[in-house]
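Working notes, structure below.
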Amino acid sequence: MNKYLKSFFHRGFVFGGFGPIITGIIYFIISLFADDFIVSGKEMVFAIISTYILAFMHAGASVFNQIEEWSIVKSVFFHFITLYFAYVFCYLFNDWLEFDLRVIMVFTAIFAVVYLVIWITVVTLIKITEKHLNAKLK
């Protein structure tokens with residue numbers, strides 16, 4: 001099996017469990033502030049499965065940035081597409097997102113903007129850190 005595919009699955013399995021833990025924490029916090037907050041067994045199972053999938057995909061997709069043969073554009077594209085489809089699938093599966101083209105288009109625009117902001121922030125922080133470390137070496 002391709003080393004990158006192995007790494008994708010390894011990272012996914014290692015970090016996937018954090019999704020359901022975060023779901024539990026969020027549901028607990030909501031229950032503290034909303035007296036009428038009730039989650040059915042079906043909703044809880046769907047949320048646990050969905051957040052596991054999202055955490056798995058987030059962790060696994062980080063491997064795209066380490067494929068040296070790929071350009072930065074290609075790795076960011078595959079990372080974006082992987083996460084986008086994971087989110088859309090999970091959000092539709094849980095009815096967190098209405099299955100309506102207009103709603104999905106709005107979600108897509110918001111997802112793309114947030115992804116871009118996060119990506120630019122991370123790249124900027126890496127460049128600042130790199131510059132700072134290089135200055136220490138001189």
Min side-chain heavy-atom separation Val106-Arg102 under 4.5 Å: no
Intermediate values then yes/no, side chain to side chain contact (heavy atoms under 4.5 Å, CB included), Phe89 and Ile53: CA-CA 10 Å; Phe89 169 76; Ile53 290 169; 4.3 Å; yes
Side chain to side chain donor-acceptor pair (under 3.5 Å): pairs with one or both residues in residues 25-41, sequence neighbours excluded: Ser40-Glu43
Separation of Phe64 CZ from Trp70 CH2 (nearest 0.5 Å): 5.5 Å
Distance-minimising heavy-atom pair for Cys90 and Trp96: O-CE3, 4.4 Å
Heavy-atom pair with the smallest gap, counting every atom of Ala55 and Gly16: CB-O, 3.5 Å
Approximate separation, where rounding is to 0.5 Å, of Gln66 CD and Phe8 CZ: 13.0 Å
Residue pairs fulfilling side chain to side chain donor-acceptor pair (under 3.5 Å) with at least one residue in residues 119-130, sequence neighbours excluded: none
ILVMFWY network linking Phe77 to Val88, side-chain heavy atoms under 4.5 angstrom: yes
Hydrophobic cluster of Val113, others only, ordered by chain and residue number, side-chain cut-off 4.5 Å: Val117
Phe111 and Phe80 aromatic centres sub-6.0 Å: yes
Separation of Asn2 CG from Ile67 CD1 (nearest 0.5 Å): 7.5 Å
Path from Phe15 to Ile26 over hydrophobic side-chain contacts below 4.5 Å: no
Distance (rounded to the nearest 0.5 Å) between His132 NE2 and Leu137 CG: 10.5 Å
Over 12 foreign heavy atoms within 6.0 Å of OH, Tyr84: yes
Approximate separation, where rounding is to 0.5 Å, of Lys131 NZ and Asn134 CG: 10.5 Å
Hydrophobic cluster membership, Val14 vs Phe18, 4.5 Å side-chain cutoff: yes
Whether Tyr115 and His79 hold their rings parallel, tilted or perpendicular, with breakpoints at 30° and 60°: tilted
Where at least one partner belongs to residues 51-61, residue pairs that pass side chain to side chain donor-acceptor pair (under 3.5 Å), sequence neighbours excluded: Thr23-Thr51, His58-Tyr87
Shortest non-hydrogen contact from Phe33 toward Ile29: CD1-O, 3.1 Å
Interatomic spacing from CD1 in Ile104 to OH in Tyr91 - rounded to 0.5 Å: 13.5 Å
Counterpart residues, side chain to side chain contact (heavy atoms under 4.5 Å, CB included), relative to Val103 (two or more places apart): Leu97, Glu98, Asp100
Within 6.0 Å of CZ in Phe85, more than 12 heavy atoms from elsewhere: no
Distance flag, aromatic centroids of Phe56 and Phe13, threshold under 6.0 Å: yes
Same apolar cluster: Leu116 and Phe107, side chain cutoff 4.5 Å: yes
With sequence neighbours excluded, residues passing side chain to side chain donor-acceptor pair (under 3.5 Å) with Ser75: none
Within one Ile-Leu-Val-Met-Phe-Trp-Tyr cluster: Phe99 and Ile110, side-chain cutoff 4.5 Å: no
